[in-house]
Amino acid sequence: MDEQKIIEKFIELSEGKLTAEDWKTWFSENVQSVEQICGRTNFLKIKPSNSFSEIRNVYHGQTAVSNWLKSKNIEVSLSDIYKKNYEKEFDDYCKAQDEKRKKLKKSVETKFGYLKEIYPKLLRQLTKSYDGYTKVEVGKSIDEIEFKENELSLKFSDELKVFFNHVSVFEFEGVEINFNYLDKQLFEKKEFLILGEFWQYGDGDKLLYDIDNQNIFVFAHEYNPPKVIKQAQTMTEFVEKILVRHLKEYEE
């Protein structure tokens with residue numbers, strides 16, 4: 001295809017005479033000619049993106065070809081039809097996302113409402129940060145918790161018992177706490193209860209409960225040398241302050 005025919009098609013697009021499908025089809029049939037005549041830089045600006053909708057592609061394509069035409073001293077009457085269509089599509093998308101967030105918030109409040117009395121800040125933050133990968137499972141019975149204490153030969157603090165009575169599994173980006181996987185291990189010659197993982201300083205950092213004083217620590221294994229770093233005085237402080245702050249970083 002010669003330059004004049006490409007110019008004619010670009011003028012049609014600039015004037016809003018092509019449908020989004022027309023533009024997509026024409027471009028796919030003339031990719032090599034467009035790149036050869038317009039140059040690589042302009043070609044990449046004009047080229048439809050697989051991650052864009054057809055409406056967005058035709059709008060961005062119109063902008064790019066009109067700029068190229070201007071560089072050739074070719075004046076065109078720029079139509080606003082693609083711009084209006086794109087703005088409507090974007091507005092509809094924002095409304096749909098807003099509605100989705102409202103429904104998700106309502107769903108979280110209904111599903112995890114039992115956390116409101118004991119962990120109000122956590123519940124409030126979950127309504128903003130909860131996504132399809134988040135996993136929260138209802139807690140264990142007191143009998144199950146006491147059985148775990150006997151199994152591990154230790155006593156949980158009242159606050160740790162309350163937590164596991166409300167939440168048995170908590171999984172989020174960089175966080176994993178699972179009652180079923182609780183275990184004891186020595187860190188810096190001191191025995192801790194491993195609650196799970198909390199990637200505060202590096203992927204795979206262990207979340208630790210101090211059996212002696214109920215403080216919460218993280219084992220920063222990527223430090224040189226690795227070290228145990230205090231996070232909170234109690235389990236409640238960890239949940240309502242440290243965990244909530246972590247969730248805020250992923251707020252929808």
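Residues: numbered from 1 along the sequence shown.
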For [X] and [Y], work out which heavy atoms get closest and say how close.
X: V76; Y: S14; value: CG2-CB, 3.8 Å
X: A64; Y: K45; value: CB-O, 3.6 Å
X: K184; Y: L152; value: NZ-O, 2.6 Å
X: I145; Y: F156; value: CG2-CD1, 3.7 Å
X: G204; Y: H221; value: C-CE1, 3.7 Å
X: C38; Y: I46; value: SG-CD1, 4.2 Å

Within the 4.5 Å heavy-atom criterion, are [X] and [Y] side-chain neighbours or not?
X: L104; Y: K100; value: no
X: Y209; Y: Q214; value: yes
X: K9; Y: L18; value: yes
X: I74; Y: I7; value: yes
X: K148; Y: K140; value: no
X: Y250; Y: D131; value: no
X: E35; Y: Q32; value: no
X: I216; Y: L195; value: yes

message: Checking T236 against E240 for the side chain to side chain donor-acceptor pair (under 3.5 Å) test, could you report, in this order, the C-alpha distance in whole Å, the side-chain angles of both residues, the deciding distance, and whether it holds?
response: CA-CA 6 Å; T236 300; E240 286 285 86; over 6 Å; no
Under 3.5 Å: donor-acceptor pair, side chain of [X], backbone of [Y]:
X: H246; Y: W199; answer: no
X: T25; Y: D22; answer: no
X: N57; Y: S49; answer: yes
X: E191; Y: I211; answer: no
X: Q200; Y: V218; answer: no
X: D205; Y: G202; answer: yes
X: D98; Y: C94; answer: no

query: Does the pair L126 and F172 meet the rule for a side chain to side chain contact (heavy atoms under 4.5 Å, CB included), with working shown?
result: CA-CA 10 Å; L126 277 173; F172 190 79; 5.7 Å; no
Rounded to the nearest 0.5 Å, what separation is found between the [atom1] atom of [X] and the [atom2] atom of [Y]?
X: L207; Y: F192; atom1: CG; atom2: CZ; value: 11.0 Å
X: I242; Y: M235; atom1: CD1; atom2: CE; value: 11.5 Å
X: L115; Y: F163; atom1: CG; atom2: CZ; value: 9.0 Å
X: S79; Y: K17; atom1: OG; atom2: NZ; value: 10.0 Å
X: I6; Y: I11; atom1: CD1; atom2: CD1; value: 12.5 Å
X: L247; Y: T127; atom1: CG; atom2: OG1; value: 10.0 Å

task: Look at the side-chain heavy atoms of Ile, Leu, Val, Met, Phe, Trp and Tyr, link any pair under 4.5 Å apart, and say whether Y181 and L208 land in one connected group.
output: no
Hydrophobic cluster membership, L44 vs W26, 4.5 Å side-chain cutoff: yes
query: Between E109 and K106, does a salt bridge (Lys or Arg N to Asp or Glu O under 4.0 Å) hold up when you go through it step by step?
result: CA-CA 5 Å; E109 288 174 340; K106 185 69 175 177; 5.0 Å; no
Looking at [Y] and [X], is any side-chain nitrogen of the basic one under 4.0 Å from a carboxylate oxygen of the acidic one?
X: E149; Y: K161; value: yes
X: D210; Y: K190; value: yes
X: E75; Y: K70; value: no
X: K5; Y: E8; value: no

Taking atom [atom1] of [X] as the centre, does the number of heavy atoms from other residues, nucleotides or ligands within less than 6.0 Å exceed 12?
X: E188; atom1: CD; result: yes
X: F90; atom1: CZ; result: no
X: E117; atom1: CD; result: no

- prompt: On the ring face of F187, is K206 found with NZ or CZ under 6.0 Å from the centre and within 45° of the axis?
  reply: no
- prompt: Step by step, would you call E144 with S141 a side chain to side chain donor-acceptor pair (under 3.5 Å)?
  reply: CA-CA 5 Å; E144 288 174 303; S141 69; 3.2 Å; yes
task: With sequence neighbours left out, write down each residue that passes ring-ring contact (aromatic ring centres under 6.0 Å, His included) with Y82, or none if nothing qualifies.
output: none
query: With Y201, which residues qualify under ring-ring contact (aromatic ring centres under 6.0 Å, His included), at least two apart?
result: Y223
message: The test is salt bridge (Lys or Arg N to Asp or Glu O under 4.0 Å); show your working for K83 and E87 and say whether it passes.
response: CA-CA 6 Å; K83 181 175 183 288; E87 288 175 345; 2.6 Å; yes
Sequence neighbours excluded, every pair satisfying ring pair (Phe, Tyr, Trp, His ring centres under 6.0 Å) that has a member inside residues 34-59: F27-F43, F52-H60, Y59-Y86
